[in-house]
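First the structure, in the form of C-alpha cells, and then the observations on it.
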Amino acid sequence: MRRHRFAASVLTAVGALLTGALSATSAGAAPTPSPTPASFAPEQAAKGFWTAERMRGATPLDMIRATPGSFRAPASPAGEETVVRPTAFPQAGGPWTGGGAVVKTSGRVFFTFQGRTASCSGNSVTSTNGSTVMTAGHCVKYQGSWHTNWVFVPGYDNGQAPYGQWSATKTLATDQWAASEDINYDVGAAVVAPLNGKTLSQTVGAQGLKFNGGYNKAMYAFGFPAADPYDGSKLIHCSGNSSKDFLFSKDHSLGCNMTGGSSGGPWFESFNESTGTGLQVSVNSFGYTFLPNRMFGPYFGAEAKAVYDKAQVS
C-alpha cells in the first residue's frame with residue numbers, strides 16, 4: 001500500500017506501489033507540491049510499452065489507509081445540485097456479470113510512478129471533448145509528482161485491451177489535491193487522445209455524472225482491484241446503501257472489500273443493472289486501517305465539478 005500525508009498523520013496510501021514498501025510509516029518531510037496539471041504528448045506512452053505482460057505485472061496503487069487524526073475536515077459541501085446526463089444489491093464485493101454499458105466505460109489505468117509501473121481504475125464520462133476519464137487524484141499525481149506513461153484501458157480483460165489503449169494528453173486533479181494532496185478532494189481526470197480516428201466516448205460510450213447530490217444514497221462501486229484476493233483481471237463491484245463518513249472526512253462510505261488497484265473506479269447513483277448505466281458521483285479513494293471491508297469516496301461537489309469542467313474542454 002502507499003503512504004499518504006495529512007497534517008501530522010500517517011496513512012497507507014491507495015496506490016501502494018511496492019507491497020509493504022509504502023505501508024503506514026512515519027511521515028517525512030512534505031514533498032514539493034506540483035499543482036500544475038500534467039500535459040504531454042500521447043507518444044509519451046510509447047506504442048508497445050504497455051504489453052499484456054507489463055499490464056498484468058503493474059503494481060496496484062492501493063487504497064489509502066488512514067489512521068485517526070489524519071484529516072483536516074473541509075467546509076461542508078455547498079452548491080446547487082448539478083446533473084450531467086447522457087443483481088446484486090447489496091454486494092460486498094464480487095465480479096460484475098450483469099453486462100451493460102459499465103463493462104465498456106470502466107477500465108484499468110496504467111502509469112509510471114517513481115520508475116515503477118502501477119495501476120488504478122477509471123471511467124469514461126460524458127464530456128464536450130468526448131475524451132474525458134474520471135479517476136482518483138492519487139491516480140494522476142502522488143507525492144508531489146504527476147504520473148507519466150498514463151493510459152486508460154476500457155473493458156480491460158486479463159491483459160487484453162479490447163477497445164484499445166488510450167494515452168493521456170493531459171491529467172488534472174482538484175486544486176486541493178494538486179496543491180496538498182488533501183484526501184477529502186481525491187478526484188482526478190484525464191483527457192485522452194483519439195484512437196483510430198475516434199474519440200473515447202464514440203468508441204466505448206460514456207456515463208453521466210451528478211454533482212452536489214447529497215449523501216445516503218443507494219450506490220454501486222466498480223473497479224479493477226489487483227491486490228489479494230483479487231488479481232486485476234476482472235471488473236469487480238460493490239453495492240449497498242451508502243452513508244456519510246462519521247469519522248474524519250466528508251466522504252461517502254460503502255461496505256466493500258475491493259483492494260489496491262480499484263482506486264479511481266466509479267461510484268454510481270441511480271444505477272440501472274439492466275443497462276449498466278448510472279450517474280457517477282464519486283470514485284474509490286481510501287479506507288481506514290481499523291475499519292476493514294469499507295470503502296470511502298470523495299463527495300462530488302464544486303471542487304470535483306471544477307476539475308471535470310476543465311478536463312472536458314481541454
Side-chain angles (χ1 to χ4, degrees), residues 1-2 12-23 45 49-65 88 91-99 102-124 133-136 138-140 142 147-168 188 190 192 204 220-238 256-267 276 283-287 292-293 295 297:
M1 292 192 176
R2 55 165 216 181
T12 306
V14 180
L17 288 174
L18 293 176
T19 304
L22 292 177
S23 57
F49 178 80
W50 288 108
T51 61
E53 180 180 3
R54 188 164 277 157
M55 287 191 291
R56 291 192 189 102
T59 304
L61 211 65
D62 243 356
M63 201 104 43
I64 295 170
R65 296 294 171 185
Q91 169 62 251
W96 175 251
T97 59
V102 70
V103 173
K104 297 174 66 174
T105 64
S106 61
R108 289 189 76 179
V109 168
F110 296 95
F111 50 86
T112 300
F113 170 71
Q114 296 184 348
R116 300 181 287 262
T117 57
S119 72
C120 274
S121 299
N123 183 56
S124 171
V133 177
M134 295 300 291
T135 187
H138 68 265
C139 294
V140 296
Y142 182 56
H147 305 322
T148 58
N149 289 328
W150 202 102
V151 300
F152 176 58
V153 183
Y156 176 87
D157 184 12
N158 194 24
Q160 302 304 307
Y163 307 105
Q165 298 180 0
W166 298 76
S167 300
V192 296
V204 302
Y220 286 73
F222 292 83
F224 287 82
D228 189 65
Y230 300 107
D231 61 8
S233 64
K234 296 181 176 66
L235 177 63
I236 303 299
H237 82 291
C238 297
C256 186
N257 69 1
M258 280 197 276
T259 58
S262 65
S263 297
W267 288 37
V283 294
N284 298 322
S285 175
F286 79 92
N293 300 321
M295 179 88 73

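What you see below is based on every heavy atom in this structure, not just the backbone, and it leaves out hydrogens, waters and symmetry mates. In this text, all values refer to a predicted model and were calculated from it rather than measured experimentally.
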Side-chain donor/acceptor of [X] to backbone N/O of [Y], under 3.5 Å:
X: R108; Y: P154; answer: no
X: H237; Y: G223; answer: no
X: Q160; Y: P162; answer: no
X: H147; Y: H138; answer: yes
X: R54; Y: F49; answer: yes
X: T135; Y: S121; answer: yes

To the nearest 0.5 Å, what is the distance between [atom1] ([X]) and [atom2] ([Y])?
X: N284; Y: C238; atom1: CG; atom2: SG; result: 7.5 Å
X: T105; Y: N123; atom1: OG1; atom2: CG; result: 4.0 Å
X: W267; Y: M134; atom1: CH2; atom2: CE; result: 14.5 Å
X: S167; Y: W150; atom1: OG; atom2: CH2; result: 10.0 Å

Open item on the list: How close do V283 and A136 get, counting heavy atoms only, and between which atoms?
Closed with: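 Here V283 and A136 meet closest at CG2-CA, 4.0 Å.
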TODO: Kindly give the heavy-atom pair with the smallest separation between P60 and A226, and that separation in Å.
DONE: CB-CB, 3.7 Å
Just so I know, are the side chains of [X] and [Y] near enough to count as touching, which here means a heavy-atom distance under 4.5 Å?
X: S262; Y: M295; result: yes
X: T117; Y: W50; result: yes
X: R116; Y: T59; result: no
X: N158; Y: R56; result: yes

- [ ] Walk me through it: do T148 and F111 pass the test side chain to side chain contact (heavy atoms under 4.5 Å, CB included)?
- [x] CA-CA 6 Å; T148 58; F111 50 86; over 6 Å; no
TODO: Scan V204, V133, L235 and name whichever one has a side chain to side chain contact (heavy atoms under 4.5 Å, CB included) with S106.
DONE: L235
Task: Centroid-centroid distance, W96 to F222, less than 6.0 Å - done: yes
Open item on the list: Distance alone, cut at 3.5 Å: any donor-acceptor contact between the side chains of N149 and T112?
Closed with: yes
TODO: Would you please test V153 and M55 for side chain to side chain contact (heavy atoms under 4.5 Å, CB included) and show each step?
DONE: CA-CA 10 Å; V153 183; M55 287 191 291; 4.0 Å; yes
Open item on the list: Parallel, tilted or perpendicular: which one describes the rings of F224 and Y156, with boundaries at 30° and 60°?
Closed with: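 Perpendicular.
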